[in-house]
2 protein chains.
Amino acid sequence: MKFEPITIKDIAKALGLSTSTVSRALRDGYEISAETRRIVLEYAEKINYQPNPIALSLKERRSHSIGVIVCEIANNFFSQAINGIESIAYNSGYHVIITQSHESAGREVINLKHLASRSVDGLLVSLSSETNDISHFKELHDKGLPIVFFDRVTNDIYTHKVIANNFKGAFDATEYLINSGCRNIAHLTASAHLSITKERLDGYKEALRKYHIPFREEYVQYCNHGGMIQDEMERAVNSLIELENQPDSIFAANDKLTTGCLLALKKSDPAVASSIKITGFTNSNLTELFATSLTSVRQPAFEMGQIATSLLIELIESKRPVTDFQTRVLDTEMIIKNKVVAVS
Amino acid sequence: MKFEPITIKDIAKALGLSTSTVSRALRDGYEISAETRRIVLEYAEKINYQPNPIALSLKERRSHSIGVIVCEIANNFFSQAINGIESIAYNSGYHVIITQSHESAGREVINLKHLASRSVDGLLVSLSSETNDISHFKELHDKGLPIVFFDRVTNDIYTHKVIANNFKGAFDATEYLINSGCRNIAHLTASAHLSITKERLDGYKEALRKYHIPFREEYVQYCNHGGMIQDEMERAVNSLIELENQPDSIFAANDKLTTGCLLALKKSDPAVASSIKITGFTNSNLTELFATSLTSVRQPAFEMGQIATSLLIELIESKRPVTDFQTRVLDTEMIIKNKVVAVS
DNA sequence: TTGAAAGCGCTAACAA
DNA sequence: TTGTTAGCGCTTTCAA
């Protein structure tokens with residue numbers, strides 16, 4: 001039943017050569033006569049020989065694959081980033097293995113171990129919102145496994161990082177709300193220890209400061225599941241609505257939070273909902289279809305994926321240990337919508 | 001630099017045993033004394049021994065991984081299906097390798113070869129909209145590689161299939177439009193040779209027939225890139241709008257086509273756009289945020305992924321060749337929206 | 001109950 | 001230029 005692939009041995013036998021000669025011929029080896037080489041290549045082509053990558057992995061201790069850990073592929077930012085990752089990886093001969101943490105630190109560790117044991121040559125990681133202990137990553141990194149972080153990064157591991165200019169993106173979004181007349185601007189964000197949470201919060205604060213608007217702790221709502229759980233977002237949004245000093249706007253810190261916030265508002269009192277302006281980070285390409293006017297901050301997800309992958313492959317293929325690591329910061333883009341919609 | 005994992009040899013040396021004994025102990029073997037076994041297991045646990053899955057793959061000629069080929073992960077239906085796939089696969093000890101065809105038949109073949117050579121134990125496939133030659137799949141399947149098709153299936157390979165009740169879903173959607181007063185119902189669909197295209201077209205036709213509405217060839221627009229290319233959809237939508245007998249509604253056949261159609265209409269004359277009712281297959285969970293009223297047909301994507309994976313694992317682990325294949329058909333769900341929106 | 005040895009497919013050091 | 005051999009980590013006959 002099971003199919004028997006052609007091996008180097010088959011070729012050797014058929015051609016009356018040794019396996020090593022065949023291997024050399026195939027491998028573009030130097031110690032080989034042009035004639036033998038031609039014969040082998042021709043025959044291999046004819047019988048459609050495919051080298052067994054598993055045997056190669058075992059031998060070379062590398063798999064020509066890179067592992068990816070993200071929280072969710074059903075998230076526009078990450079699916080776009082993955083497309084960027086693939087575009088570079090495939091062109092460089094690497095296979096991409098995608099895993100999802102679903103924002104769970106435990107699942108992240110399982111995926112990490114799985115990928116490591118499968119001997120991926122390197123790792124592309126965006127941390128889960130639950131992660132605050134990165135020792136598992138550190139351990140593998142210290143042992144020599146190349147890792148590049150993107151989007152949700154950590155400062156505790158010295159390696160390449162690729163992030164959006166979260167500070168500026170958040171600043172711009174907040175400033176936009178201020179310029180639209182908002183003064184009571186709330187901030188809906190993910191768990192506090194995430195790098196993007198800090199950076200975006202700082203941008204938000206800085207915009208308030210610039211316009212002499214006092215920062216209010218109660219206007220910041222943290223969703224520790226990063227938007228995975230609609231209930232959590234609804235509770236957060238409702239607690240904002242119920243504040244004595246009801247916000248006139250909300251700046252949401254990521255994709256899921258932005259749409260989750262809109263959904264939560266839609267469920268609430270329409271009068272309240274329509275009086276609250278929303279801005280948020282999102283890479284959805286459906287925002288123009290939304291009933292609510294939504295000005296959004298878009299991250300260059302595809303490029304981030306590409307750059308992270310290029311950096312990772314550089315690390316993997318570097319002959320000497322790399323000691324000079326960089327953090328690439330890419331600009332976000334504001335997508336301003338002025339659609340005015342009346343819901344009857 | 002590169003880290004040296006612990007091998008069975010290390011354990012054998014440390015414990016003064018042979019590698020085969022250690023292997024037996026680890027593998028729950030029978031020919032082993034309880035005592036030796038305990039010692040080995042204890043030590044392995046202590047030094048955190050992890051078997052090398054690559055060596056195992058080479059030996060056993062199986063990888064404990066399953067390959068997935070879909071057109072796009074940035075598509076709600078597929079990302080949800082993948083979550084279903086993962087949920088079953090991980091619980092059964094299988095790793096999932098996701099690849100995207102981006103609706104390209106060429107890319108599909110490359111992915112297929114890649115996965116096959118990586119010796120995945122089985123394949124979960126939803127065909128690209130460009131695919132009409134499935135001989136590559138057939139070849140591998142004939143050689144004994146288990147394949148389960150889902151969503152976009154083929155009748156040319158005798159194996160398990162998991163699909164939604166596309167006929168009924170399309171019928172319901174069309175009937176809904178008819179019951180809403182529409183009589184000139186257009187159909188925006190993917191390439192003609194796709195299984196889902198045929199099934200959904202048939203459902204659409206049957207609804208028309210039931211209500212004695214003549215079927216008009218010019219009302220059916222095929223997008224051969226299945227919605228990957230916005231331009232193509234816009235051309236299709238515009239050619240519908242420009243018909244002498246302008247449709248009063250459009251039934252879109254898949255996720256991308258549904259949102260693409262809405263986007264295309266939004267770009268066109270607002271008067272025209274607002275006079276055309278849209279229904280479509282989609283698994284987006286953002287439809288309630290849309291300005292346009294959209295009644296949609298939702299596929300049980302997660303369950304479809306789960307069932308397809310269970311069937312595949314059954315095939316993989318079956319001792320004897322399976323000859324009795326099934327096609328599982330799951331019901332779709334109509335999500336009716338009556339939101340009335342006035343766009344100013 | 002244990003160990004020695006072969007072999008999965010491939011590469012590479014060493015010999016010829 | 002080619003062949004022989006060992007070995008990557010593991011399982012599994014076959015002997016002991």
Side-chain angles (χ1 to χ4, degrees), chain A residues 2-41 43-44 47-65 93 116-121 144, chain B residues 2-41 43-44 47-65 93 113-114 116-121 144:
Chain A
K2 212 49 189 166
F3 55 112
E4 294 295 331
I6 295 144
T7 74
I8 225 169
K9 225 190 218 165
D10 299 326
I11 301 182
K13 198 175 296 172
L15 263 36
L17 293 166
S18 74
T19 57
S20 47
T21 306
V22 175
S23 171
R24 268 189 288 255
L26 259 19
R27 215 117 303 282
D28 215 25
Y30 33 106
E31 302 169 314
I32 187 101
S33 78
E35 178 58 6
T36 317
R37 174 119 163 269
R38 196 188 50 73
I39 297 178
V40 172
L41 288 178
Y43 184 74
I47 63 171
N48 189 26
Y49 166 77
Q50 305 276 24
N52 179 335
I54 301 203
L56 269 174
S57 295
L58 183 60
K59 181 106 252 269
E60 297 179 358
R61 291 138 150 280
R62 58 177 299 195
S63 58
H64 280 276
S65 65
S117 78
R118 276 254 142 226
S119 15
V120 291
D121 299 338
Chain B
K2 214 48 189 162
F3 55 112
E4 294 297 332
I6 293 143
T7 74
I8 224 170
K9 225 190 220 166
D10 300 326
I11 302 183
K13 198 175 297 170
L15 262 38
L17 293 166
S18 74
T19 57
S20 45
T21 306
V22 175
S23 172
R24 268 188 288 253
L26 258 19
R27 216 116 299 282
D28 216 24
Y30 31 107
E31 300 168 315
I32 187 96
S33 77
E35 178 59 6
T36 317
R37 174 119 162 268
R38 196 188 51 73
I39 297 178
V40 172
L41 287 179
Y43 184 74
I47 62 171
N48 189 26
Y49 166 77
Q50 304 276 29
N52 179 334
I54 300 202
L56 269 173
S57 295
L58 184 61
K59 183 106 252 269
E60 296 178 359
R61 295 144 141 270
R62 57 176 301 194
S63 57
H64 282 276
S65 65
K113 287 191 174 165
H114 200 178
S117 77
R118 276 252 142 226
S119 19
V120 290
D121 299 337

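Every chain is numbered from 1, with letters handed out A, B, ... down the list of sequences.
- In this structure, B/E35 places its CD atom 9 Å from P of C/dT2, rounding to the nearest Å.
- When every heavy atom of B/T21 is checked against every heavy atom of B/T36, the shortest pair comes out as CG2-CG2, 3.9 Å.
- C/dG7 atom P lies 18 Å from atom CD1 of A/I8, rounded to whole Å.
- Between A/D10 and A/T7 the shortest side-chain heavy-atom distance falls below 4.5 Å.
- Computed from coordinates, the B/R61 CZ to C/dG9 C1' distance equals 9 Å when rounded to whole Å.
- For B/K59 and C/dA5, the NZ to C1' distance is 11 Å, given to the nearest whole Å.
- Look at CZ on A/R24: it is 8 Å from C1' on C/dA12, rounded to the nearest Å.
- Whole-Å rounding puts the B/L56 CG to C/dG9 P distance at 15 Å.
- When all heavy atoms are compared, the tightest approach of B/R118 to A/S63 is NH2-O, 2.8 Å.
- Taken from CG in A/D121 to OG in A/S65, the straight-line distance is 5.5 Å, to the nearest 0.5 Å.
- Here C/dT2 is the nucleotide among C/dT2, C/dA5, C/dC10 with the atom lying nearest to any side-chain atom of B/T21.
- Distances shorter than 4.0 Å separate some side-chain N or O of B/T36 from OP1 or OP2 on C/dT2.
- Along DNA chain D, read 5' to 3', the first and last nucleotides having any atom under 4.0 Å from a heavy atom of chain B are D/dC8 to D/dT13.
- In this structure, A/Q50 places its CD atom 11 Å from P of C/dC10, rounding to the nearest Å.
- Mapped onto DNA chain C by nearest heavy atom, B/T19 and A/K9 fall at different nucleotides, with B/T19 at the one closer to the 5' end.
- Distance A/I11 CD1 to C/dG9 P: 13 Å, rounded to the nearest Å.
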Begin with the C-alpha distance, continue with both residues' side-chain angles, and end with the deciding distance and a verdict on side chain to side chain contact (heavy atoms under 4.5 Å, CB included) for A/V40 and A/L15. CA-CA 8 Å; A/V40 172; A/L15 263 36; 4.0 Å; yes
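- In terms of heavy-atom proximity, A/I32 sits nearest to A/R24 at CD1-CB, 4.3 Å.
- Minimum interatomic distance between B/I47 and B/I6 (heavy atoms only, all atoms of both residues): O-CD1, 3.1 Å.
- The shortest distance between the side-chain N/O atoms of B/S18 and the OP1/OP2 oxygens of C/dG3 is below 4.0 Å.
- Comparing C/dA4, C/dC10, C/dA13 by their closest approach to the side chain of B/S20 singles out C/dA4.
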